[in-house]
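Taking it in order: structure first as C-alpha coordinates, then the write-up.
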Protein chains: 2
Amino acid sequence: MNKEREILAAALKLFVAYGFHGTPTSKIAREAGVANGTLFHYFKTKEDLIVALYNHTKEQLNGYLLTKQDESDSLESRMKSLYAASLEWGFEHKQEFYFIQQFHFSPHLAKVSEEDKEKQSRLHTGLMKQAMEKKVFKSLPPSLIGSILGSHVYATHQYLDSADLKTEDRAKVIDETFAMLWAMITK
Amino acid sequence: MNKEREILAAALKLFVAYGFHGTPTSKIAREAGVANGTLFHYFKTKEDLIVALYNHTKEQLNGYLLTKQDESDSLESRMKSLYAASLEWGFEHKQEFYFIQQFHFSPHLAKVSEEDKEKQSRLHTGLMKQAMEKKVFKSLPPSLIGSILGSHVYATHQYLDSADLKTEDRAKVIDETFAMLWAMITK
DNA sequence: GTCTATATCTCGATAGAC
DNA sequence: GTCTATCGAGATATAGAC
(Lines give C-alpha, C1' and ligand atoms only; values in the text may rest on other atoms or scores of the structure.)
Protein backbone atom coordinates (compact mmCIF):
# COMPACT_ATOMS: atom_id res chain seq x y z
CA MET A 1 0.00 0.00 0.00
CA ASN A 2 1.21 3.49 -0.76
CA LYS A 3 2.08 5.87 2.05
CA GLU A 4 -0.82 8.22 1.48
CA ARG A 5 -3.27 5.39 1.92
CA GLU A 6 -1.43 4.17 5.00
CA ILE A 7 -1.72 7.60 6.54
CA LEU A 8 -5.44 7.79 5.82
CA ALA A 9 -6.00 4.33 7.26
CA ALA A 10 -4.05 5.15 10.40
CA ALA A 11 -5.84 8.46 10.81
CA LEU A 12 -9.22 6.77 10.53
CA LYS A 13 -8.38 4.23 13.17
CA LEU A 14 -7.02 6.78 15.63
CA PHE A 15 -9.65 9.48 15.06
CA VAL A 16 -12.40 6.99 15.74
CA ALA A 17 -10.69 5.77 18.90
CA TYR A 18 -9.47 9.06 20.35
CA GLY A 19 -11.17 11.87 18.46
CA PHE A 20 -9.59 14.67 16.46
CA HIS A 21 -8.31 16.41 19.54
CA GLY A 22 -6.91 13.24 21.05
CA THR A 23 -4.83 12.19 18.04
CA PRO A 24 -1.61 14.04 17.34
CA THR A 25 -0.20 13.87 13.84
CA SER A 26 2.91 12.27 15.30
CA LYS A 27 0.89 9.24 16.40
CA ILE A 28 -0.79 9.00 13.01
CA ALA A 29 2.59 8.95 11.30
CA ARG A 30 3.90 6.31 13.66
CA GLU A 31 0.81 4.13 13.26
CA ALA A 32 1.14 4.46 9.49
CA GLY A 33 4.80 3.52 9.62
CA VAL A 34 5.98 6.73 8.00
CA ALA A 35 8.05 9.66 9.16
CA ASN A 36 6.43 12.72 10.63
CA GLY A 37 7.53 14.90 7.74
CA THR A 38 6.02 12.49 5.22
CA LEU A 39 2.55 13.11 6.59
CA PHE A 40 2.96 16.82 5.92
CA HIS A 41 4.23 16.10 2.45
CA TYR A 42 0.84 14.59 1.56
CA PHE A 43 -1.37 16.84 3.68
CA LYS A 44 -0.38 20.44 4.23
CA THR A 45 -2.14 20.68 7.58
CA LYS A 46 -3.87 18.39 10.03
CA GLU A 47 -7.20 19.87 9.02
CA ASP A 48 -6.44 19.06 5.39
CA LEU A 49 -5.90 15.48 6.42
CA ILE A 50 -9.20 15.35 8.29
CA VAL A 51 -11.18 16.74 5.37
CA ALA A 52 -9.35 14.55 2.85
CA LEU A 53 -10.16 11.49 4.94
CA TYR A 54 -13.81 12.47 4.95
CA ASN A 55 -13.94 12.98 1.19
CA HIS A 56 -12.07 9.74 0.63
CA THR A 57 -14.43 7.80 2.86
CA LYS A 58 -17.55 9.25 1.26
CA GLU A 59 -16.10 8.36 -2.13
CA GLN A 60 -15.69 4.76 -1.03
CA LEU A 61 -19.26 4.62 0.21
CA ASN A 62 -20.70 6.25 -2.89
CA GLY A 63 -18.67 4.01 -5.15
CA TYR A 64 -20.17 0.99 -3.45
CA LEU A 65 -23.71 2.40 -3.60
CA LEU A 66 -23.33 3.05 -7.33
CA THR A 67 -22.45 -0.59 -8.03
CA LYS A 68 -25.74 -1.58 -6.39
CA GLN A 69 -27.89 0.77 -8.44
CA ASP A 70 -29.84 -0.58 -11.39
CA GLU A 71 -31.31 2.16 -13.57
CA SER A 72 -33.96 -0.15 -14.95
CA ASP A 73 -35.45 -0.84 -11.53
CA SER A 74 -38.50 0.92 -10.21
CA LEU A 75 -38.05 3.95 -8.03
CA GLU A 76 -39.01 2.04 -4.92
CA SER A 77 -36.55 -0.73 -5.76
CA ARG A 78 -33.76 1.73 -6.29
CA MET A 79 -34.55 3.52 -3.03
CA LYS A 80 -34.59 0.23 -1.24
CA SER A 81 -31.31 -0.90 -2.73
CA LEU A 82 -29.78 2.45 -1.75
CA TYR A 83 -31.06 1.97 1.79
CA ALA A 84 -29.95 -1.64 2.04
CA ALA A 85 -26.57 -1.04 0.44
CA SER A 86 -25.86 1.86 2.80
CA LEU A 87 -26.54 -0.38 5.78
CA GLU A 88 -24.53 -3.28 4.41
CA TRP A 89 -21.59 -1.02 3.75
CA GLY A 90 -21.98 0.55 7.18
CA PHE A 91 -21.97 -2.85 8.80
CA GLU A 92 -18.84 -3.94 6.96
CA HIS A 93 -17.13 -0.60 7.54
CA LYS A 94 -18.03 0.34 11.09
CA GLN A 95 -15.12 2.68 11.68
CA GLU A 96 -15.73 4.48 8.40
CA PHE A 97 -19.43 4.84 9.12
CA TYR A 98 -18.79 6.12 12.61
CA PHE A 99 -16.19 8.55 11.30
CA ILE A 100 -18.64 10.05 8.83
CA GLN A 101 -21.03 10.82 11.66
CA GLN A 102 -18.28 12.13 13.90
CA PHE A 103 -17.15 14.43 11.11
CA HIS A 104 -20.68 15.51 10.40
CA PHE A 105 -21.08 16.87 13.93
CA SER A 106 -17.81 18.74 13.89
CA PRO A 107 -16.83 22.19 12.69
CA HIS A 108 -14.66 20.57 10.00
CA LEU A 109 -17.81 19.96 7.97
CA ALA A 110 -17.73 23.60 6.96
CA LYS A 111 -14.40 23.00 5.20
CA VAL A 112 -15.80 20.59 2.62
CA SER A 113 -16.10 22.33 -0.73
CA GLU A 114 -19.49 22.79 -2.36
CA GLU A 115 -18.24 20.79 -5.30
CA ASP A 116 -17.41 17.79 -3.12
CA LYS A 117 -20.69 18.07 -1.27
CA GLU A 118 -22.58 18.03 -4.52
CA LYS A 119 -20.67 14.98 -5.75
CA GLN A 120 -21.35 13.16 -2.52
CA SER A 121 -25.09 13.74 -2.52
CA ARG A 122 -25.78 13.44 -6.23
CA LEU A 123 -27.09 9.89 -6.06
CA HIS A 124 -29.50 10.66 -3.24
CA THR A 125 -30.75 13.97 -4.56
CA GLY A 126 -31.32 12.42 -7.98
CA LEU A 127 -33.64 9.79 -6.59
CA MET A 128 -35.34 12.32 -4.35
CA LYS A 129 -36.08 14.57 -7.31
CA GLN A 130 -37.66 11.76 -9.26
CA ALA A 131 -39.77 10.82 -6.28
CA MET A 132 -40.97 14.41 -5.90
CA GLU A 133 -41.84 14.61 -9.60
CA LYS A 134 -43.81 11.40 -9.45
CA LYS A 135 -45.43 12.60 -6.23
CA VAL A 136 -44.97 9.32 -4.45
CA PHE A 137 -44.17 10.97 -1.12
CA LYS A 138 -46.56 12.60 1.29
CA SER A 139 -46.75 16.33 0.75
CA LEU A 140 -43.96 17.32 3.08
CA PRO A 141 -40.92 19.49 2.49
CA PRO A 142 -38.26 17.50 0.58
CA SER A 143 -35.59 18.44 3.09
CA LEU A 144 -37.69 17.00 5.89
CA ILE A 145 -38.15 13.76 3.99
CA GLY A 146 -34.43 13.68 3.26
CA SER A 147 -33.63 14.16 6.93
CA ILE A 148 -35.99 11.41 7.98
CA LEU A 149 -34.56 9.01 5.39
CA GLY A 150 -31.01 9.69 6.46
CA SER A 151 -31.60 9.38 10.15
CA HIS A 152 -33.59 6.19 9.71
CA VAL A 153 -30.48 4.68 8.15
CA TYR A 154 -28.40 5.80 11.14
CA ALA A 155 -30.93 4.45 13.61
CA THR A 156 -30.97 1.05 11.96
CA HIS A 157 -27.21 1.01 11.67
CA GLN A 158 -26.91 1.77 15.36
CA TYR A 159 -29.09 -1.22 16.14
CA LEU A 160 -27.34 -3.57 13.72
CA ASP A 161 -24.04 -2.51 15.20
CA SER A 162 -25.08 -3.26 18.77
CA ALA A 163 -26.98 -6.49 18.08
CA ASP A 164 -24.83 -9.27 16.75
CA LEU A 165 -27.10 -10.88 14.18
CA LYS A 166 -26.57 -13.55 11.56
CA THR A 167 -26.49 -12.40 7.97
CA GLU A 168 -30.02 -13.50 7.22
CA ASP A 169 -31.45 -11.85 10.33
CA ARG A 170 -29.64 -8.67 9.42
CA ALA A 171 -31.22 -8.77 5.97
CA LYS A 172 -34.60 -9.26 7.59
CA VAL A 173 -34.17 -6.21 9.82
CA ILE A 174 -33.14 -4.17 6.80
CA ASP A 175 -36.21 -5.36 4.87
CA GLU A 176 -38.60 -4.65 7.70
CA THR A 177 -37.25 -1.25 8.62
CA PHE A 178 -37.35 -0.18 4.98
CA ALA A 179 -40.94 -1.32 4.63
CA MET A 180 -41.87 0.69 7.71
CA LEU A 181 -40.02 3.72 6.45
CA TRP A 182 -41.54 3.51 3.00
CA ALA A 183 -45.05 3.16 4.37
CA MET A 184 -44.43 6.20 6.57
CA ILE A 185 -43.24 8.62 3.90
CA THR A 186 -45.29 7.60 0.85
CA LYS A 187 -48.90 8.48 0.18
CA MET B 1 -23.58 35.50 37.55
CA ASN B 2 -21.53 32.87 39.29
CA LYS B 3 -18.24 32.05 37.65
CA GLU B 4 -18.85 28.35 37.21
CA ARG B 5 -21.98 29.03 35.16
CA GLU B 6 -20.16 31.66 33.14
CA ILE B 7 -17.43 29.18 32.30
CA LEU B 8 -19.96 26.55 31.21
CA ALA B 9 -21.82 29.06 29.06
CA ALA B 10 -18.61 30.25 27.40
CA ALA B 11 -17.43 26.69 26.82
CA LEU B 12 -20.73 25.78 25.17
CA LYS B 13 -20.57 28.70 22.81
CA LEU B 14 -16.96 28.08 21.79
CA PHE B 15 -17.15 24.28 21.56
CA VAL B 16 -20.11 24.55 19.21
CA ALA B 17 -18.35 27.11 17.05
CA TYR B 18 -14.83 25.65 16.97
CA GLY B 19 -15.00 22.12 18.34
CA PHE B 20 -13.16 20.68 21.34
CA HIS B 21 -9.85 20.77 19.57
CA GLY B 22 -10.29 24.31 18.34
CA THR B 23 -11.08 25.85 21.72
CA PRO B 24 -8.24 26.37 24.18
CA THR B 25 -9.11 26.74 27.83
CA SER B 26 -7.51 30.18 27.73
CA LYS B 27 -10.15 31.39 25.29
CA ILE B 28 -12.94 29.89 27.37
CA ALA B 29 -11.68 31.75 30.42
CA ARG B 30 -11.44 35.01 28.50
CA GLU B 31 -14.91 34.60 27.01
CA ALA B 32 -16.28 33.89 30.49
CA GLY B 33 -14.54 36.94 31.89
CA VAL B 34 -12.56 34.98 34.44
CA ALA B 35 -8.90 34.29 34.95
CA ASN B 36 -7.26 31.22 33.48
CA GLY B 37 -6.58 29.75 36.91
CA THR B 38 -10.21 30.13 37.94
CA LEU B 39 -11.29 27.72 35.24
CA PHE B 40 -9.01 25.07 36.69
CA HIS B 41 -10.31 25.78 40.14
CA TYR B 42 -13.78 24.62 39.08
CA PHE B 43 -12.73 21.92 36.62
CA LYS B 44 -9.61 19.92 37.28
CA THR B 45 -8.97 19.25 33.59
CA LYS B 46 -10.34 20.32 30.25
CA GLU B 47 -11.93 16.92 29.84
CA ASP B 48 -13.67 17.36 33.19
CA LEU B 49 -15.11 20.58 31.89
CA ILE B 50 -16.36 18.93 28.70
CA VAL B 51 -18.08 16.11 30.56
CA ALA B 52 -19.50 18.47 33.19
CA LEU B 53 -20.95 20.62 30.43
CA TYR B 54 -22.60 17.59 28.89
CA ASN B 55 -24.12 16.44 32.17
CA HIS B 56 -25.26 19.96 32.95
CA THR B 57 -26.88 20.33 29.53
CA LYS B 58 -28.67 17.00 29.73
CA GLU B 59 -29.92 17.97 33.17
CA GLN B 60 -31.41 21.15 31.76
CA LEU B 61 -33.12 19.24 28.98
CA ASN B 62 -34.47 16.53 31.28
CA GLY B 63 -35.66 19.10 33.79
CA TYR B 64 -37.68 20.75 31.05
CA LEU B 65 -39.07 17.45 29.80
CA LEU B 66 -40.18 16.53 33.30
CA THR B 67 -42.22 19.70 33.66
CA LYS B 68 -44.13 18.68 30.53
CA GLN B 69 -44.98 15.20 31.73
CA ASP B 70 -48.41 14.46 33.14
CA GLU B 71 -48.63 11.08 34.84
CA SER B 72 -52.39 10.94 34.38
CA ASP B 73 -52.13 11.14 30.60
CA SER B 74 -52.33 8.12 28.35
CA LEU B 75 -49.12 6.49 27.21
CA GLU B 76 -49.47 7.90 23.73
CA SER B 77 -50.05 11.40 25.09
CA ARG B 78 -47.02 11.17 27.30
CA MET B 79 -44.87 9.90 24.43
CA LYS B 80 -46.11 12.70 22.27
CA SER B 81 -45.45 15.32 24.88
CA LEU B 82 -41.96 13.93 25.36
CA TYR B 83 -41.40 14.13 21.61
CA ALA B 84 -42.84 17.61 21.27
CA ALA B 85 -41.11 18.99 24.34
CA SER B 86 -37.75 17.65 23.14
CA LEU B 87 -38.17 19.45 19.84
CA GLU B 88 -39.40 22.66 21.44
CA TRP B 89 -36.44 22.68 23.80
CA GLY B 90 -34.09 21.85 20.94
CA PHE B 91 -35.46 24.73 18.92
CA GLU B 92 -35.07 27.19 21.77
CA HIS B 93 -31.62 25.83 22.68
CA LYS B 94 -29.93 25.19 19.37
CA GLN B 95 -26.39 25.35 20.65
CA GLU B 96 -27.17 23.03 23.52
CA PHE B 97 -28.90 20.55 21.25
CA TYR B 98 -26.07 20.61 18.77
CA PHE B 99 -23.54 20.19 21.55
CA ILE B 100 -25.29 17.05 22.83
CA GLN B 101 -24.96 15.49 19.40
CA GLN B 102 -21.37 16.61 18.98
CA PHE B 103 -20.53 15.09 22.35
CA HIS B 104 -22.38 11.92 21.52
CA PHE B 105 -20.08 11.26 18.57
CA SER B 106 -16.91 11.89 20.50
CA PRO B 107 -14.69 9.70 22.67
CA HIS B 108 -15.65 11.83 25.68
CA LEU B 109 -18.94 9.94 25.83
CA ALA B 110 -17.08 7.06 27.43
CA LYS B 111 -16.22 9.30 30.38
CA VAL B 112 -19.83 9.77 31.49
CA SER B 113 -20.51 7.65 34.57
CA GLU B 114 -23.08 4.88 34.45
CA GLU B 115 -24.96 6.66 37.21
CA ASP B 116 -25.29 9.83 35.16
CA LYS B 117 -26.28 7.90 32.06
CA GLU B 118 -29.01 6.15 33.99
CA LYS B 119 -30.29 9.44 35.39
CA GLN B 120 -30.34 10.98 31.93
CA SER B 121 -32.31 8.19 30.29
CA ARG B 122 -34.69 7.30 33.12
CA LEU B 123 -37.64 9.19 31.71
CA HIS B 124 -37.34 7.61 28.26
CA THR B 125 -36.66 4.08 29.43
CA GLY B 126 -39.58 4.29 31.85
CA LEU B 127 -42.03 5.07 29.08
CA MET B 128 -40.45 2.47 26.80
CA LYS B 129 -40.89 -0.22 29.43
CA GLN B 130 -44.56 0.58 29.87
CA ALA B 131 -45.08 0.50 26.13
CA MET B 132 -43.42 -2.90 25.91
CA GLU B 133 -45.56 -4.27 28.75
CA LYS B 134 -48.73 -3.01 27.13
CA LYS B 135 -47.53 -4.38 23.78
CA VAL B 136 -48.44 -1.27 21.85
CA PHE B 137 -45.37 -1.45 19.64
CA LYS B 138 -44.73 -3.76 16.73
CA SER B 139 -42.76 -6.79 17.78
CA LEU B 140 -39.30 -5.38 17.21
CA PRO B 141 -36.30 -5.24 19.53
CA PRO B 142 -36.77 -2.41 22.07
CA SER B 143 -33.34 -1.01 21.32
CA LEU B 144 -34.26 -0.71 17.64
CA ILE B 145 -37.45 1.12 18.50
CA GLY B 146 -35.52 3.37 20.86
CA SER B 147 -33.01 4.16 18.14
CA ILE B 148 -35.72 4.98 15.64
CA LEU B 149 -37.51 7.22 18.12
CA GLY B 150 -34.35 9.12 18.97
CA SER B 151 -33.21 9.64 15.43
CA HIS B 152 -36.65 10.75 14.33
CA VAL B 153 -36.37 13.55 16.86
CA TYR B 154 -32.98 14.55 15.44
CA ALA B 155 -34.26 14.43 11.88
CA THR B 156 -37.18 16.69 12.68
CA HIS B 157 -34.98 19.03 14.69
CA GLN B 158 -32.60 19.30 11.77
CA TYR B 159 -35.46 20.34 9.53
CA LEU B 160 -36.96 22.80 12.02
CA ASP B 161 -33.54 24.31 12.48
CA SER B 162 -33.00 24.86 8.76
CA ALA B 163 -36.51 26.00 7.88
CA ASP B 164 -37.54 29.23 9.53
CA LEU B 165 -41.17 28.58 10.41
CA LYS B 166 -43.71 30.47 12.45
CA THR B 167 -44.62 29.00 15.81
CA GLU B 168 -47.88 27.50 14.60
CA ASP B 169 -46.29 25.90 11.55
CA ARG B 170 -43.60 24.45 13.75
CA ALA B 171 -46.26 22.92 15.98
CA LYS B 172 -47.93 21.48 12.90
CA VAL B 173 -44.71 19.82 11.73
CA ILE B 174 -44.21 18.37 15.19
CA ASP B 175 -47.77 17.03 15.22
CA GLU B 176 -47.50 15.49 11.77
CA THR B 177 -44.11 13.90 12.23
CA PHE B 178 -45.19 12.39 15.52
CA ALA B 179 -48.33 10.95 13.95
CA MET B 180 -46.20 9.38 11.21
CA LEU B 181 -43.74 8.01 13.71
CA TRP B 182 -46.45 6.63 15.95
CA ALA B 183 -48.21 4.93 13.06
CA MET B 184 -44.91 3.40 12.00
CA ILE B 185 -43.91 1.82 15.30
CA THR B 186 -47.25 0.79 16.79
CA LYS B 187 -49.27 -2.24 15.87
C1' DG C 1 -12.26 32.09 45.34
C1' DT C 2 -9.86 34.70 42.16
C1' DC C 3 -6.10 36.56 40.23
C1' DT C 4 -1.14 36.92 37.87
C1' DA C 5 2.66 34.72 36.41
C1' DT C 6 4.81 31.00 34.74
C1' DA C 7 6.34 26.08 34.31
C1' DT C 8 6.21 22.24 31.40
C1' DC C 9 5.23 20.06 27.61
C1' DT C 10 3.39 18.68 23.33
C1' DC C 11 1.93 19.66 19.01
C1' DG C 12 1.87 21.10 14.26
C1' DA C 13 4.79 22.36 10.88
C1' DT C 14 9.40 23.31 8.51
C1' DA C 15 14.24 22.75 6.84
C1' DG C 16 17.34 20.32 4.61
C1' DA C 17 20.05 15.93 3.70
C1' DC C 18 19.58 11.95 0.91
C1' DG D 1 9.40 11.13 -1.81
C1' DT D 2 11.08 10.09 2.52
C1' DC D 3 13.65 10.74 6.33
C1' DT D 4 15.86 13.13 10.70
C1' DA D 5 16.10 16.90 13.48
C1' DT D 6 14.21 20.68 15.39
C1' DC D 7 11.79 25.16 16.02
C1' DG D 8 8.37 28.17 17.71
C1' DA D 9 3.79 28.55 19.22
C1' DG D 10 0.52 27.75 22.11
C1' DA D 11 -1.60 24.37 25.00
C1' DT D 12 -2.82 22.61 29.77
C1' DA D 13 -2.04 22.99 34.31
C1' DT D 14 0.25 24.78 38.67
C1' DA D 15 2.14 28.04 42.24
C1' DG D 16 1.46 31.40 45.16
C1' DA D 17 -0.06 36.21 46.35
C1' DC D 18 -4.22 38.48 47.80
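Reminder, nothing fancy here: chain letters follow the sequence lines and each chain counts from 1.
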Rounded to the nearest Å, what distance is computed from the CG atom of residue B:L39 to the P atom of nucleotide D:dA15? 17 Å

With respect to the side chain of B:Y42, which nucleotide from D:dT12, C:dC11, C:dG1 is positioned closest? C:dG1

Provide, to the nearest angstrom, the distance between the CD atom belonging to B:E6 and the P atom belonging to C:dT2. 11 Å

Quick one: A:Y18 OH to C:dC11 P, roughly how many Å, whole number? 13 Å

If you assign A:A35 and B:K44 each to the DNA chain D nucleotide with the nearest heavy atom, which residue ends up on the more 5' nucleotide? A:A35

Here the distance between atom P of C:dG12 and atom CZ of A:F43, to the nearest Å, is 14 Å

Tell me the interatomic distance from A:K27, atom NZ, to C:dC11, atom C1', rounded to whole angstroms. 11 Å

Is the distance from OP1 or OP2 of D:dT2 to the nearest side-chain N or O of A:H41 less than 4.0 Å? no

With A:Y54 as partner, the option from A:F15, A:F20, A:F103 fulfilling ring-ring contact (aromatic ring centres under 6.0 Å, His included) is A:F103

Could you tell me the separation between the CZ atom of A:F40 and the C1' atom of D:dT4, rounded to a whole number of Å? 15 Å

From D:dA13, C:dC11, C:dC3, pick the nucleotide closest to the side chain of B:K3? C:dC3

NE2 of A:H104: more than 12 outside heavy atoms within 6.0 angstrom? no

Side chain of B:S26 - closest among D:dA11, D:dT2, C:dG12: D:dA11

5'-most by nearest nucleotide on DNA chain D - B:T23 or A:T38: A:T38

What is the distance, rounded to the nearest whole Å, between atom CD of B:E47 and atom P of D:dA11? 18 Å

Looking at A:K172, I'd like to know if its NZ atom is crowded, meaning that more than 12 non-hydrogen atoms belonging to other residues, nucleotides or ligands lie closer than 6.0 Å. no

Honestly, is B:K94 close enough over B:F91, meaning NZ or CZ under 6.0 Å from the six-membered ring centre and within 45° of the axis? yes

When you check the gap from the basic side-chain N to the acidic O, do B:E114 and B:K117 get nearer than 4.0 Å? yes

A:K46 NZ to D:dA9 P, straight-line distance once rounded to whole Å: 20 Å

Go through D:dA11, D:dA13, C:dA13 for me and flag the one nearest to the B:N36 side chain. D:dA13

